[in-house]
Amino acid sequence: MSLTFFDRPAEIVARELLGTLVVSSVDGETTAGRVVETEAYLGYDDPASHGYRHRRNQRNAALFGPPGTWYVYLSYGIHWCANLVCEAEGKAAAVLLRALEPVEGLDVMRRRRRVAADRDLCSGPGRLCQALGITRSLDGLPMPQSPVVVVFRQADGAPLSVAETPRIGITKAAKWPLRFVIAGSPWASGKRSWVVTGP
DNA sequence: GCGCCGATTGGCT
DNA sequence: GCCAATCGGCGCC
């Protein structure tokens with residue numbers, strides 16, 4: 001996938017990442033999942049963004065990097081969350097990967113996650129990072145040259161039906177409709193009401 | 001230097 | 001549905 005793909009508004013990238021495949025080659029093991037849920041963070045103008053008002057620190061430095069860069073941070077001291085930086089360098093816009101449909105290496109994911117149900121493998125930003133072995137080691141790396149890559153949109157022909165909802169788990173500007181889900185996907189996180197805006 | 005808070009999750013009520 | 005776990009950044013004293 002071309003880096004220029006990410007040189008566009010985060011809400012557009014968030015939509016277009018739906019249906020793409022994320023392939024991880026961490027610790028010599030391959031795992032992969034199809035993106036079914038994303039969230040857009042618009043950068044220094046977005047009160048919910050880690051880069052709001054150009055606030056820059058050790059944790060979020062990668063967020064201010066060039067488009068196509070991984071931004072991975074520790075959430076609540078426990079879970080990793082993976083973002084792909086969008087738009088111009090310094091804008092601090094990004095897309096958070098929120099859920100995947102497990103596609104390959106499910107045995108590896110099950111070992112890493114230790115959950116009973118496969119639907120719990122990748123249905124959340126922290127969960128998918130654990131399943132794919134994503135940690136801070138990816139932070140700041142250009143995605144195409146990293147152990148975890150976004151490869152392609154699966155050419156299944158039919159246009160995706162995309163649901164658009166408020167963002168989850170935040171307190172500022174949470175109502176902005178910047179969460180995108182493949183409508184009806186059983187692999188998305190949580191169970192919430194959706195507004196379908198796509199075909 | 002200290003205390004609070006978070007783009008979460010999983011276990012318990 | 002509620003809440004603890006757990007860490008680093010940040011605001012404030």
Side-chain angles (χ1 to χ4, degrees), chain A residues 6 9-15 17-18 22 33 35-65 67 69-87 91-102 109-140 143 148 150 163-182 185-194:
Chain A
F6 298 96
E11 64 270 33
I12 302 294
V13 175
R15 277 182 173 273
L17 278 174
L18 293 177
V22 179
V35 180
V36 300
E37 179 182 347
T38 59
E39 229 166 51
Y41 288 84
L42 306 187
Y44 53 71
D45 289 330
D46 180 352
S49 169
H50 288 171
Y52 183 46
R53 291 190 289 204
H54 297 90
R55 193 179 52 163
R56 186 175 182 148
N57 53 49
Q58 190 172 356
R59 175 181 70 158
N60 68 16
L63 182 58
F64 292 84
T69 301
W70 283 112
Y71 166 49
V72 181
Y73 72 94
L74 191 61
S75 176
Y76 287 87
I78 305 171
H79 312 285
W80 297 106
C81 290
N83 299 252
L84 286 159
V85 177
C86 298
E87 308 189 37
K91 178 72 184 292
V95 173
L96 170 69
L97 299 180
R98 285 200 55 93
L100 308 176
E101 171 189 344
M109 294 184 188
R110 292 185 191 111
R111 192 184 68 236
R112 288 172 175 163
R113 292 276 302 130
R114 303 184 182 195
V115 291
D118 283 355
R119 70 172 7 180
D120 292 330
L121 288 175
C122 300
S123 54
R127 293 173 177 183
L128 72 89
C129 282
Q130 189 177 20
L132 268 58
I134 294 175
T135 67
R136 179 127 233 192
S137 66
L138 261 67
D139 190 57
M143 180 272 289
V148 181
V150 179
E164 186 182 306
T165 83
R167 293 183 288 191
I168 290 177
I170 58 177
T171 56
K172 301 164 197 162
K175 290 185 177 177
W176 294 6
L178 293 173
R179 172 176 174 256
F180 303 96
V181 190
I182 294 181
S185 173
W187 304 102
S189 70
K191 190 176 180 75
R192 293 152 181 105
S193 59
W194 293 345

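Residue numbering restarts at 1 for every chain, and letters A, B, ... go by the order of the sequence lines. Remember, it's a predicted structure, so these values are computed and weren't measured experimentally. What you see below is based on every heavy atom in this structure, not just the backbone, and it leaves out hydrogens, waters and symmetry mates.
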Checklist entry - How close or far is atom P of B:dC5 from atom OH of A:Tyr52, stated in whole angstroms? => result 19 Å
Checklist entry - So which one's nearest nucleotide on DNA chain B is more toward 5', A:Thr171 or A:Arg127? => result A:Thr171
Checklist entry - With centres under 5.5 Å and planes under 30° as the test, does A:Tyr76 stack with C:dA5? => result no
Item to check | Among C:dA5, B:dG10, C:dC7, the nucleotide that comes nearest once only the side chain of A:Leu74 is considered | outcome: C:dC7
Next on the checklist: Quick check for you: among B:dA7, B:dT9, B:dG10, whose closest atom lies nearest to any side-chain atom of A:Leu96?
Outcome noted: B:dA7
Checklist entry - To the nearest angstrom, how far is A:Arg119 atom CZ from B:dG10 atom C1'? => result 17 Å
Item to check | A:Ile78 CD1 - C:dG8 C1' separation (whole Å) | outcome: 13 Å
Checklist outcome for this item: Separation of B:dT9 atom C1' from A:Ile170 atom CD1, nearest Å, is 17 Å
Next on the checklist: Check this for me: does any side-chain nitrogen of one of A:Glu39 and A:Arg167 sit under 4.0 Å from a carboxylate oxygen of the other?
Outcome noted: no
Next on the checklist: Please classify the nucleic acid contact of A:Asn83 as base, sugar-phosphate, or nothing, using heavy-atom distances under 4.0 Å.
Outcome noted: base
Next on the checklist: Only pairs with both distances under 3.5 Å count, Watson-Crick or wobble alike; so what is the partner of B:dA7 in this structure?
Outcome noted: none
Next on the checklist: Say we look at C:dG8 and B:dG10: how far apart would their C1' atoms be, to the nearest angstrom?
Outcome noted: 22 Å
Item to check | Base partner of C:dT6, which must satisfy Watson-Crick or wobble distances under 3.5 Å | outcome: none
Checklist entry - When you check the side-chain N and O atoms of A:Arg113 and A:Gln130, is any donor under 3.5 Å from an acceptor? => result yes
Checklist entry - For residues A:Ser185 and A:Glu101, is any side-chain donor paired with an opposing acceptor at under 3.5 Å? => result no
Item to check | Interatomic distance where CZ belongs to A:Arg55 and P belongs to B:dA7 [whole Å] | outcome: 9 Å
Item to check | Between C1' of B:dA7 and CG of A:Leu84, the distance in whole Å | outcome: 14 Å
Next on the checklist: Check the phosphate of C:dC7 against A:Ser75, side-chain N and O only, distance under 4.0 Å to OP1 or OP2. Yes or no?
Outcome noted: no
Checklist entry - Can you tell me how far P of C:dG8 sits from NE2 of A:His79, to the nearest Å? => result 15 Å
Checklist entry - If only side-chain N and O atoms of A:Gln58 are considered, is one of them under 4.0 Å from the OP1 or OP2 phosphate oxygen of C:dG9? => result yes
Checklist entry - With a 4.0 Å cut-off on heavy atoms, is A:Arg167 in touch with a base, just the backbone sugar-phosphate, or nothing at all? => result nothing
Checklist outcome for this item: A:Gln130 atom CD is separated from B:dG10 atom P, nearest whole Å, by 7 Å
Checklist entry - Do the charged groups of A:Arg110 and A:Asp118 touch, with an N to O distance under 4.0 Å? => result yes
Item to check | A:Arg59 side-chain N/O to C:dC7 phosphate OP1/OP2 under 4.0 Å | outcome: no
Item to check | Side-chain N or O of A:Arg114 closer than 4.0 Å to phosphate OP1/OP2 of B:dG10 | outcome: no
Item to check | Heavy-atom neighbours of A:Arg111 CZ exceed 12 at 6.0 Å | outcome: yes
Checklist entry - Looking only at heavy atoms, which two atoms of A:Ala10 and A:Tyr41 are closest? And how far apart? => result CB-O, 3.8 Å
Checklist entry - Taking the side chain of A:Pro125 as heavy atoms from C-beta outward, which of B:dA7, B:dT9, B:dG10 is closest to it? => result B:dT9
